[in-house]
Amino acid sequence: MKGMLENLKRWCYGGQDRTFFAAQQQAIHAYNCKMINGLLPLMTVILACYLVLSVAMPSLSPYSPVYLVYFIILILMSVFFEIKGRRSISCTRFLIWLFFVLIYSFVTLIGTAFGPDTPAVMFIVFLLTMPMLIIAPVHHTYTLLSVALVAFSIAAVRFKTPLYAQMDMIHGITCLVLGFFLCQRVLESRISLLASNEQLSRLSKYDALTELPNRRGLDEFVQQAYPACEALTLAMIDVDNFKEYNDTLGHQCGDAALTAVAKTIQQHTAESGFFAARFGGEEFVLIGTGCSAANLETQLETIRADICSQKFLCQNHLADRLTVSIGFARKKPGEEFSDLFKRADDALYLAKDAGKNCVRTSPDSPPQE
């Protein structure tokens, strides 16, 4: 029974689970924003057409105030979307459901009170197609649509002739059931695409050997974090004599050595909140921001000592110990990342010149606060 419930949950989430939706909320948010940005102008134009027709045709003139109210609300929502710019996820969700409520209330009026002796074609079409336009868990969407169908059925019984009321309710139930499965299939394909994009994105930003972020991952982190951080320390870590090590023991042992170094670095980043990346070859980058910047400087000697004390197997033989040289620099006020990087790299060369297997700081780094 528990397994069936778990499968049902995954089915409602497009073959994934709730944690995937949480992890992909930014991508889902961007997709839904784009869709609402397209739907709002479209529905505003449709309402404008209804409004013009109600003014031009005397038979529709009693409905002009209703059309005008919906038209104004959609205009206000469109303006809000434009002014708000970068919307929060909760704000987007609220606007999506508000938009759905407005649309379904409008097509309910069109299909019942304004058309008592005609089929509610627009309501049926919207009931079937609207849920497929956004990314949302199936049970969330169809809870809202079930409420919409109940409201429509009540209005149909109240305003429509018995024959058309019965026909519309039967068509509505049929479309609700059919749409439930169609919507899930559409959601599953979109979620599968998101999962594939996430995997490709990760592969493009992470180093396959060490599982640390690569140069692209480093660049993305710097673009996001660097401008806003005044307290920042950048450290360069280089494996000593790696070329000779690699040439003597072979590339497999060289890869094992880099993996061992990366694992040690990852342990410290997990504990202290540093950002670590493989810069290229045998070079690694560590970045501490905010409170972790000062902590990084105290940890660098520990990282060096941990790597130096390690022993690891290579092709069933105990390989030589590894050593690393580390150079670091503190960010100056207003300093560009390229300049900070050069100072950290210069500090790394100071460590090399000092005999390797040591930590050195950039001489012109500002004092630690």
Side-chain angles (χ1 to χ4, degrees), residues 32-82 84 87 91-136 140-161 164-180 182-183:
N32 288 338
C33 277
K34 184 177 180 180
M35 189 58 63
I36 290 297
N37 279 332
L39 288 174
L40 271 173
L42 177 62
M43 291 308 303
T44 304
V45 170
I46 292 175
L47 261 298
C49 293
Y50 272 95
L51 187 58
V52 170
L53 288 174
S54 67
V55 173
M57 301 173 62
S59 60
L60 295 177
S61 59
Y63 309 138
S64 296
V66 177
Y67 297 148
L68 181 61
V69 168
Y70 277 97
F71 179 75
I72 291 174
I73 292 174
L74 287 177
I75 287 291
L76 291 175
M77 286 185 67
S78 299
V79 171
F80 177 78
F81 252 67
E82 291 298 325
K84 190 70 176 174
R87 292 164 294 280
C91 174
T92 302
R93 287 174 180 168
F94 172 76
L95 287 173
I96 287 173
W97 298 124
L98 177 61
F99 178 75
F100 267 55
V101 169
L102 283 172
I103 295 305
Y104 282 109
S105 63
F106 174 72
V107 294
T108 296
L109 281 174
I110 294 294
T112 56
F114 296 175
D117 54 357
T118 56
V121 177
M122 185 176 289
F123 179 83
I124 299 302
V125 170
F126 275 66
L127 189 69
L128 186 61
T129 59
M130 285 292 288
M132 302 181 194
L133 299 179
I134 64 167
I135 298 178
H140 290 181
T141 305
Y142 274 86
T143 297
L144 174 65
L145 296 189
S146 298
V147 173
L149 182 58
V150 169
F152 174 84
S153 300
I154 294 172
V157 171
R158 171 69 178 80
F159 294 106
K160 304 196 76 165
T161 60
Y164 281 107
Q166 292 174 12
M167 289 174 57
D168 286 344
M169 284 189 284
I170 292 172
H171 293 158
I173 293 171
T174 303
C175 286
L176 190 70
V177 175
L178 180 61
F180 187 76
L182 288 176
C183 181

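Within the 4.5 Å cutoff, the side chain of L149 has no heavy atoms near those of the L145 side chain. Residues L47 and I75 are not in side-chain contact: their nearest non-hydrogen atoms beyond the backbone lie 4.5 Å or more apart. Contact of the I36 side chain with the L95 side chain is not registered, since no non-hydrogen atoms from C-beta on lie closer than 4.5 Å. Contact of the M77 side chain with the T44 side chain is not registered, since no non-hydrogen atoms from C-beta on lie closer than 4.5 Å. Under the 4.5 Å side-chain criterion, counting only non-hydrogen atoms from C-beta, L74 is in contact with F99. Counting heavy atoms from C-beta on, the side chains of T112 and F152 come closer than 4.5 Å.
Applying the ring-ring contact (aromatic ring centres under 6.0 Å, His included) test to Y63 and every residue at least two apart in sequence or in another chain returns F114. Residues that satisfy the ring-ring contact (aromatic ring centres under 6.0 Å, His included) test with F126, not counting sequence neighbours, are absent from this structure. Remark: S105 engages Y70 in a side chain to side chain donor-acceptor pair (under 3.5 Å) (not counting sequence neighbours). Here S54 pairs with S64 under the side chain to side chain donor-acceptor pair (under 3.5 Å) rule; sequence neighbours left out. Applying the ring-ring contact (aromatic ring centres under 6.0 Å, His included) test to Y50 and every residue at least two apart in sequence or in another chain returns Y67, F106.
L127 and G172 make their closest contact through CD2-O, 3.3 Å (heavy atoms, listed as atom of the first residue, atom of the second, distance). S78 approaches L40 most closely through the heavy-atom pair OG-CB, 3.7 Å. In terms of heavy atoms, P62 sits closest to S59 at CD-O, 3.7 Å. Listed here is the closest heavy atom pair of L128 and C175: CD1-O, 3.7 Å. The two residues F123 and A148 have their closest heavy-atom pair at CZ-O, 4.0 Å.
Summarising the geometry, atom CE belonging to M35 is positioned 12.5 Å from atom CE belonging to M132; distances are rounded to the nearest 0.5 Å. Here the CD1 atom belonging to I96 is positioned 13.0 Å from the NE2 atom belonging to H140, to the nearest 0.5 angstrom. Rounding to the nearest 0.5 Å gives a distance of 12.0 Å between CE of M122 and CD1 of I124. Separation of atoms CG (L178) and CD1 (I173) is listed at 13.5 Å; rounding is to 0.5 Å. Remark: I73 CD1 to L68 CG distance equals 10.0 Å, nearest 0.5 Å. Rounded to the nearest 0.5 angstrom, L133 CG and F100 CZ are separated by 6.5 Å.
Proximity of a side-chain donor or acceptor of Y142 to a complementary backbone N or O of P131 within less than 3.5 Å is not detected. No donor-acceptor pair closer than 3.5 Å links the side chain of D117 to the backbone N or O of T161.
Sorted by first and then second residue, the side chain to side chain donor-acceptor pair (under 3.5 Å) pairs involving residues 164-174 (not counting sequence neighbours) are K160-D168.
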Report task. Determine, step by step, whether T141 and W97 satisfy the side-chain contact (heavy atoms from CB on, under 4.5 Å) criterion, reporting the C-alpha distance in whole Å, the side-chain angles of both residues, the deciding distance to 0.1 Å, and the verdict. Result -> CA-CA 9 Å; T141 305; W97 298 124; 4.1 Å; yes
